[in-house]
Amino acid sequence: MQEALFITLEGVEGAGKSSLMDYISELFTRAGLAVIQTREPGGTKTGEQIREILLDSNNIGLENNTELLLMFAARMQHLEEVIKPALASGQIVICDRFTDASYAYQGGGRGIEESRIQILEDWVQEGLKPDLTLLFDLDVEIGLRRAGKRSQADRFEQEDILFFERIRSCYLERANKEPTRFRIIDSGESLENVKQQIQKVLQEHL
Ligand code: Z5A
């Protein structure tokens with residue numbers, strides 16, 4: 001049986017995670033490995049319903065703690081229904097955002113204490129962490145410009161630039177603290193160059 005691997009993709013808006021998901025999957029499938037692609041918030045029927053609440057720009061009164069709890073409620077369902085079974089059957093799971101996003105957005109962005117997020121992480125994940133996290137790092141203004149061209153702003157994208165600067169800093173701090181799990185991808189480069197960076201990082205797993 002192939003060795004299971006849990007890979008998460010993180011970064012500020014417009015950093016290119018979703019665009020590169022298929023490319024990352026293909027690297028593994030070409031090597032004959034079984035892969036599933038998923039995302040957060042979402043990844044299950046219930047999780048996608050929670051995602052709609054979280055991204056709906058009409059939900060202006062949503063409390064920061066409610067936002068955090070909804071992220072972890074969706075994550076619990078995702079872990080039990082999708083992620084854990086896939087890992088147990090030896091598949092490679094590639095997830096567009098995971099718990100680092102809760103620390104970056106709800107912690108760094110909204111200002112919720114890290115210790116509170118840690119309590120939820122310990123409860124919901126019981127020690128399960130990604131094996132590898134690709135952090136797509138990009139100047140925040142460039143990212144927002146890219147995301148703005150693509151679609152209408154969701155509830156998060158309506159925040160000001162300082163919100164996203166705090167998120168970027170939080171991601172980079174986390175990457176510094178866990179250099180083995182995190183690999184930083186410079187998303188300011190061309191798509192072709194970004195693909196080469198990814199291939200280099202994933203080489204040892206292919
Ligand atoms: N969130 C949270 O707060 N807490 C949590 O715990 C979790 C999530 C799990 C999910 O929305 C939101 O939930 C997210 C954080 C929050 N905030 N928002 N908004 P989402 O999944 O819809 O949003 P996203 O994850 O930020 O995705 P995104 O904005 O689509 O970013 P992306 O996936 O990194 O970018 P992209 O769609 O691949 O690329 C954007 C555009 O740039 C597109 O037109 C590409 O063609 C272009 N692009 C990409 N790469 C390049 C390069 N290298 N050069 C030029 N152009 C490029």
Side-chain angles (χ1 to χ4, degrees), residues 8-25 37-44 47-57 59 62-79 82-83 94-112 114 116-118 120-121 124-125 129-130 133-161 163-164 166-168 170-171 174 184-199:
T8 55
L9 314 183
E10 298 282 359
V12 289
E13 327 299 308
K17 296 169 283 80
S18 318
S19 308
L20 289 149
M21 187 67 135
D22 286 344
Y23 173 73
I24 296 170
S25 290
Q37 295 186 11
T38 187
R39 69 171 180 183
E40 288 207 353
T44 63
E48 291 295 328
Q49 287 168 342
I50 295 175
R51 179 186 177 90
E52 276 183 33
I53 297 171
L54 283 161
L55 297 192
D56 186 347
S57 50
N59 290 333
L62 202 68
E63 289 289 331
N64 292 344
N65 285 322
T66 310
E67 182 180 286
L68 176 68
L69 289 165
L70 286 173
M71 291 293 174
F72 273 95
R75 183 160 299 134
M76 176 69 100
Q77 193 66 28
H78 194 202
L79 279 163
V82 176
I83 298 177
I94 306 173
C95 188
D96 189 345
R97 295 198 187 278
F98 193 63
T99 303
D100 293 299
S102 302
Y103 283 99
Y105 281 75
Q106 283 66 54
R110 304 280 193 219
I112 297 177
E114 196 180 317
R116 282 201 180 183
I117 304 173
Q118 183 75 58
L120 292 173
E121 180 182 4
V124 169
Q125 292 168 225
K129 277 191 148 207
T133 298
L134 303 183
L135 174 57
F136 291 83
D137 184 49
L138 180 66
D139 177 90
V140 164
E141 273 187 53
I142 299 175
L144 287 173
R145 230 178 292 136
R146 283 185 191 169
K149 271 192 208 155
R150 188 208 45 205
S151 58
Q152 230 191 333
D154 62 33
R155 201 173 58 83
F156 289 96
E157 287 163 354
Q158 291 178 340
E159 295 293 335
D160 66 19
I161 190 132
F163 175 77
F164 295 103
R166 292 196 297 277
I167 288 164
R168 185 185 184 195
C170 183
Y171 270 133
R174 292 181 68 73
I184 298 177
I185 305 290
D186 181 356
S187 292
E189 298 291 341
S190 67
L191 264 179
E192 212 36 59
N193 179 293
V194 171
K195 285 181 182 174
Q196 284 167 13
Q197 295 178 58
I198 293 171
Q199 196 182 17

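Whatever order the structure lists them in is the order used to number ligands and atoms, beginning at 1.
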Stepwise side chain to side chain contact (heavy atoms under 4.5 Å, CB included) check, Gln125 with Phe98: CA-CA 11 Å; Gln125 292 168 225; Phe98 193 63; 3.6 Å; yes
[X] neighbourhood, listing ligand 1 atoms whose heavy-atom distance to it stays under 4.0 Å:
X: Leu55; answer: 11 (O), 12 (C)
X: Glu157; answer: 19 (N), 29 (O)
X: Ser187; answer: 53 (N)
X: Asp154; answer: 18 (N), 19 (N)
X: Gln106; answer: 2 (C), 3 (O), 4 (N), 5 (C), 6 (O)
X: Glu40; answer: 9 (C)
X: Ser190; answer: 53 (N)
X: Glu189; answer: 52 (C), 53 (N), 54 (N)

Heavy-atom nearest option to [atom], drawn from [options]:
atom: atom 22 (O) of ligand 1; options: Arg51, Lys17, Arg155; result: Arg51
atom: atom 6 (O) of ligand 1; options: Ser19, Ser102, Gly143, Gly107; result: Ser102
atom: atom 26 (O) of ligand 1; options: Arg97, Arg146, Lys195; result: Arg97
atom: atom 18 (N) of ligand 1; options: Gln158, Glu10, Glu13; result: Glu13
atom: atom 10 (C) of ligand 1; options: Gly14, Ala74, Pro41, Gly16; result: Pro41

Residue pair Arg39 / Lys17, side-chain heavy-atom distance below 4.5 Å: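 Counting from C-beta outward, Arg39 and Lys17 never come under 4.5 Å.
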Taking every non-hydrogen atom, the tightest pair across Ile94 and Ser25: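 Result for this residue pair: CD1-OG, 3.7 Å.
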Atom pair CD (Glu159) and CD (Glu157), whose distance is rounded to the nearest 0.5 Å: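 Nearest 0.5 Å value for the CD-CD distance: 11.0 Å.
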Interatomic distance, Thr99 atom OG1 to Glu40 atom CD [nearest 0.5 angstrom]: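 Here the rounded value is 6.0 Å.
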Distance-only donor-acceptor check, side chains Glu67 and Tyr105, under 3.5 Å: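 Side-chain D/A pair, Glu67 to Tyr105: absent.
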Arg75 versus Ser102, side-chain donor and acceptor atoms under 3.5 Å: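 Side chains of Ser102 and Arg75: pair found under 3.5 Å.
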Exam field: side chain Arg146 to backbone Gly14, donor-acceptor pair closer than 3.5 Å: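 At least one qualifying donor-acceptor pair exists.
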Backbone or side-chain N or O of Ala15 under 3.5 Å from ligand 1 N or O: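 In this structure, Ala15 places an N or O atom under 3.5 Å from an N or O of ligand 1.
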Intermediate values then yes/no, side-chain hydrogen bond (donor to acceptor under 3.5 Å, both in side chains), Asp22 and Gln37: CA-CA 8 Å; Asp22 286 344; Gln37 295 186 11; 3.0 Å; yes
Plane angle bin for Phe163 and Phe156 - parallel if under 30°, tilted between 30 and 60°, otherwise perpendicular: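 Correct class here is parallel.
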Min heavy-atom dist Glu67 to ligand 1 below 4.0 Å: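 Per 4.0 Å heavy-atom rule, Glu67 does not contact ligand 1.
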